[in-house]
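Below you'll find the structure, written out as structure tokens, and then a few comments.
Along the sequence shown, residues carry numbers from 1.
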Amino acid sequence: FIQEFTHMKKNIGNTERVIRAIVGVFLIALALMGKTPWGWIGLIPLATAIIGWCPPYALLGISTCKNKV
């Protein structure tokens with residue numbers, strides 16, 4: 001698993017990573033405040049923002065990353 005993780009190429013640009021992180025934290029905050037259990041779905045955009053890689057983007061060949069790292 002670690003070897004596969006290190007070979008993933010970033011496909012999310014910095015601006016989109018910031019947006020995903022903000023949305024993820026906001027949704028998680030809603031869940032923590034008891035507003036909606038659906039807020040835990042915020043873990044997904046937060047995780048993709050942290051690692052810089054989005055599986056659906058990889059499947060579709062999409063990249064918003066300017067640097068081809």
Side-chain angles (χ1 to χ4, degrees):
F1 174 74
I2 298 295
Q3 186 178 10
E4 291 175 15
F5 181 76
T6 58
H7 291 327
M8 293 186 303
K9 294 185 175 160
K10 293 189 186 286
N11 60 6
I12 303 174
N14 289 335
T15 304
E16 186 175 354
R17 287 177 78 178
V18 170
I19 293 168
R20 285 175 183 243
I22 291 169
V23 169
V25 168
F26 176 74
L27 290 172
I28 292 168
L30 287 177
L32 289 173
M33 291 186 300
K35 301 290 183 187
T36 176
W38 284 99
W40 291 111
I41 198 99
L43 290 171
I44 295 170
L46 184 60
T48 57
I50 290 169
I51 63 174
W53 184 74
C54 177
Y57 276 18
L59 288 172
L60 298 171
I62 298 170
S63 177
T64 59
C65 188
K66 290 181 183 178
N67 301 333
K68 300 295 180 189
V69 179

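Hydrophobic cluster membership differs between I51 and L27, with clusters built from Ile, Leu, Val, Met, Phe, Trp and Tyr side chains linked at under 4.5 angstrom. The hydrophobic cluster containing F26 also contains I41, counting ILVMFWY residues as joined when their side-chain heavy atoms lie under 4.5 angstrom apart, directly or transitively. Linking ILVMFWY side-chain heavy atoms closer than 4.5 Å, directly or via other members, places L60 and Y57 in a single hydrophobic cluster. Both I19 and L30 are members of a single hydrophobic cluster when ILVMFWY side chains are connected at heavy-atom separations under 4.5 Å.
When all heavy atoms are compared, the tightest approach of P45 to G42 is CD-O, 3.3 Å. In plain terms, the two heavy atoms of A49 and A21 that are nearest each other are CB-N, 3.7 Å. Summarising the geometry of C54 relative to T48, their closest heavy-atom pair is CA-CG2, 4.4 Å, with the distance given to 0.1 Å.
The shortest side-chain heavy-atom distance between L32 and W40 falls under the 4.5 Å cut-off. The side-chain heavy atoms of N11 and I62, taken from C-beta on, include no pair separated by under 4.5 Å.
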**Request:** Please assess L43 against I28 for the test side chain to side chain contact (heavy atoms under 4.5 Å, CB included), listing each intermediate value before the final yes or no.
**Result:** CA-CA 7 Å; L43 290 171; I28 292 168; 3.6 Å; yes
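Note that the CG atom of N14 and the SG atom of C65 stand 7.0 Å from one another [nearest 0.5 Å].
The salt bridge (Lys or Arg N to Asp or Glu O under 4.0 Å) pairs that include a residue from residues 19-34 are E16-R20, where partners are two or more places apart or lie in different chains.
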